[in-house]
Protein chains: 2
Amino acid sequence: MLCAAINRSQTVSHQVSCNDCSLSPICLPLAVAPAQLDQLDRIIHRGRPLKRGEHLFRATDGFSSVYAVRSGALKTYVVSDEGEEQVTGFYLPGEVLGMDGISTAHHVSNAKALETATVCEIPFAQLETLSQQIPSLQHHFFRLMSNEIRSDRELHMLLGKKNADDRVASLLLSLSARHQRRGLSDNIFRLPMSRYDIANYLGMAVETVSRIFTRFQQQQWLRVDGREIEILDRGSLCGQNHDPAMELLL
Amino acid sequence: MLCAAINRSQTVSHQVSCNDCSLSPICLPLAVAPAQLDQLDRIIHRGRPLKRGEHLFRATDGFSSVYAVRSGALKTYVVSDEGEEQVTGFYLPGEVLGMDGISTAHHVSNAKALETATVCEIPFAQLETLSQQIPSLQHHFFRLMSNEIRSDRELHMLLGKKNADDRVASLLLSLSARHQRRGLSDNIFRLPMSRYDIANYLGMAVETVSRIFTRFQQQQWLRVDGREIEILDRGSLCGQNHDPAMELLL
DNA sequence: CGGCTGATTGATTGTGCTCAATCAGTGTGG
DNA sequence: CCACACTGATTGAGCACAATCAATCAGCCG
């Protein structure tokens, strides 16, 4: 009895509406007119926080919802036939994950909290129904999925054509941009993921990531303190994607 | 005058309706009830065939449509800052391309015909409107995009964790499966793309692809004659994705 | 015929992986 | 409180896989 009461009160405390959420301008609500926002609000479930290492969903789970990150960070990963893990994405506040499961009735990836995280669960069937009524929501969701595809294309380029240095630089710049989007500093931030996750995501060995971090630091492009990152020379880091100007200087 | 007449008659001859198209069961029409099929049919443009090497769209073009392949084959590719091409996908009859441009108002990749190809152009704005009226069409399009994301995840695994042999084997098996889906032989087929495109797509050098084809042939897993492929030992080819049973035999 | 593209094969090189050791930080149990 | 184990990160040494360089060959077309 007591337990149930506590759970209920906890649940209530998590029931922040989209109206009160600071992420509204970059999250799903941006596609919905204020007058219709409560319709979206009503279908969203806001569960208890996930602890570091806890799963939001697993590849074997039936698919029923997509999720928007409210706080913290998560990674998604798939497991190969041989049991190898492949990290397929990192998700920060305001970002939506789980869209790869729509076509298969079950999730295809696993989602695990990298640190304490809260998410908004959006039942997909209800989202589809709502999208029938709110054209801008349908449009936004098409865009959201298209964006996922687009960034996968960029990643394909990264893994196929770029060397280890470029890959690390690109990830750092991506994280930086995503921080800025939330109104946070784009130069100083904390990595939510381990070196292992970074290496795995970028298709390289942990040792290589470590070496590159120290090298970037020696070159004064970066200040690294564990997971704390400060970008000192953004230009060089960008140009790490092989600046054509560099070639002229040789 | 004569020319115009010829063009018109050509145009007419391309105006096959979805009803008459043999790809209906695996293409967009599968999501639409027969009674509503003509609504979909009316928004689709069926252009003249593309010749080998011709572009369907370029990254700089404004985005307005997605495209379904009716015959032939196309590749999509992006170009990096340094001008390097990265092939991001191959598209066979019944498959839809161009969905990466939805979120950006312009295409992000280029689409080029690998051989003579015909495509159905589907204006996206009209498709969105129609999706508002036909829930199953909206649902199917969500699934279509989700599928694209899902196969990108698998590709991520392939590029991040698998060696050159695995990558080539995977591509061959994927092409085989997609042929079977169309009711064609899954063991004998013709590669629509060059060794260069295969290498580029899989993030390796042409020479490596060539060597692997000859090795697979020596092992009697494959019969290769230029672009003609016959799969002789599907099991070994699958197991090339590192069969756990192999380890037990060592 | 010569020029061209696409594919194959050989020889060499190099980037990044593997193995291995060390170290710092953290939590655990005696 | 300290010894211990454990995890995450860093650094070094050697090696392997695949890239690169280079040459050859087949098919095709002007």
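These figures come from a predicted structure and were not determined experimentally. Keep in mind that the numbers below use all heavy atoms, side chains included, and drop hydrogens, waters and symmetry copies. Letters A, B, ... mirror the listed sequences (proteins, then strands); counts begin at 1.
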Starting at [atom1] of [X] and ending at [atom2] of [N], how long is that distance when rounded to a whole Å?
| X | N | atom1 | atom2 | value |
| --- | --- | --- | --- | --- |
| A:L191 | D:dA9 | CG | C1' | 13 Å |
| B:L159 | D:dA19 | CG | P | 12 Å |
| A:M193 | D:dA9 | CE | P | 11 Å |

_Rounded distance (nearest 0.5 Å) linking atom CD1 of B:I229 with atom CZ of B:R223_ =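 Reported to 0.5 Å precision, the distance equals 8.5 Å.
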*When all nucleic acid strands are considered with a 4.0 Å heavy-atom cut-off, which category describes B:A205: base, sugar-phosphate, or nothing?*
base
_Set of residues satisfying side chain to side chain contact (heavy atoms under 4.5 Å, CB included) with respect to B:S185, sequence neighbours excluded_ =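 Side chain to side chain contact (heavy atoms under 4.5 Å, CB included) check on B:S185 returns B:N187, B:I188.
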_Quick check: on DNA chain C, is the nucleotide nearest B:E207 upstream (toward 5') of the one nearest B:R52, or the reverse? Name the residue that is more 5'._
B:R52
If only side-chain N and O atoms count, and only distance matters, is there a donor-acceptor pair under 3.5 Å linking [Y] with [X]?
| X | Y | value |
| --- | --- | --- |
| B:S109 | B:T88 | no |
| B:S176 | B:R234 | yes |
| B:R178 | B:S174 | yes |
| B:S71 | B:T118 | yes |

*In the 5'-to-3' direction, what one-character label does each nucleotide of nucleotides 22-27 of chain C receive under the scheme B = base within less than 4.0 Å of a protein heavy atom, S = sugar-phosphate only, - = no such atom?*
------
*Heavy-atom contacts under 4.0 Å between residues 194-204 of chain B and DNA chain D, which residues?*
B:G203, B:M204
*asked:* Give the residues of residues 209-232 of chain B touching DNA chain D, defined as any heavy atom closer than 4.0 Å, sorted by residue number.
replied: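 Close to the strand are B:R211.
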_B:R190 vs B:E228, salt bridge (Lys or Arg N to Asp or Glu O under 4.0 Å): CA-CA, chis, key distance, verdict_ = CA-CA 4 Å; B:R190 181 179 168 78; B:E228 298 293 335; 3.2 Å; yes
*How far apart are the closest heavy atoms of B:Y91 and B:V96, and which atoms are they?*
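The pair with the smallest heavy-atom distance is CE2-O, 3.5 Å.
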*If you draw a 6.0 Å radius around CZ in B:R52, do more than 12 non-hydrogen atoms from other residues or ligands fall strictly inside?*
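Not more than 12 within 6.0 Å, no.
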*Any pair with a residue in residues 145-167 of chain A that passes ring-ring contact (aromatic ring centres under 6.0 Å, His included), sequence neighbours left out, goes on the list, sorted by first then second residue, please.*
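Residue pairs with at least one partner in residues 145-167 of chain A: A:H156-B:Y201.
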*Given D:dA19, is OP1 or OP2 found less than 4.0 Å from the side-chain N or O atoms of B:T208?*
yes
*What residues form a ring pair (Phe, Tyr, Trp, His ring centres under 6.0 Å) with A:Y67, not counting sequence neighbours?*
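For A:Y67 the ring pair (Phe, Tyr, Trp, His ring centres under 6.0 Å) partners, ignoring immediate neighbours, are A:F57.
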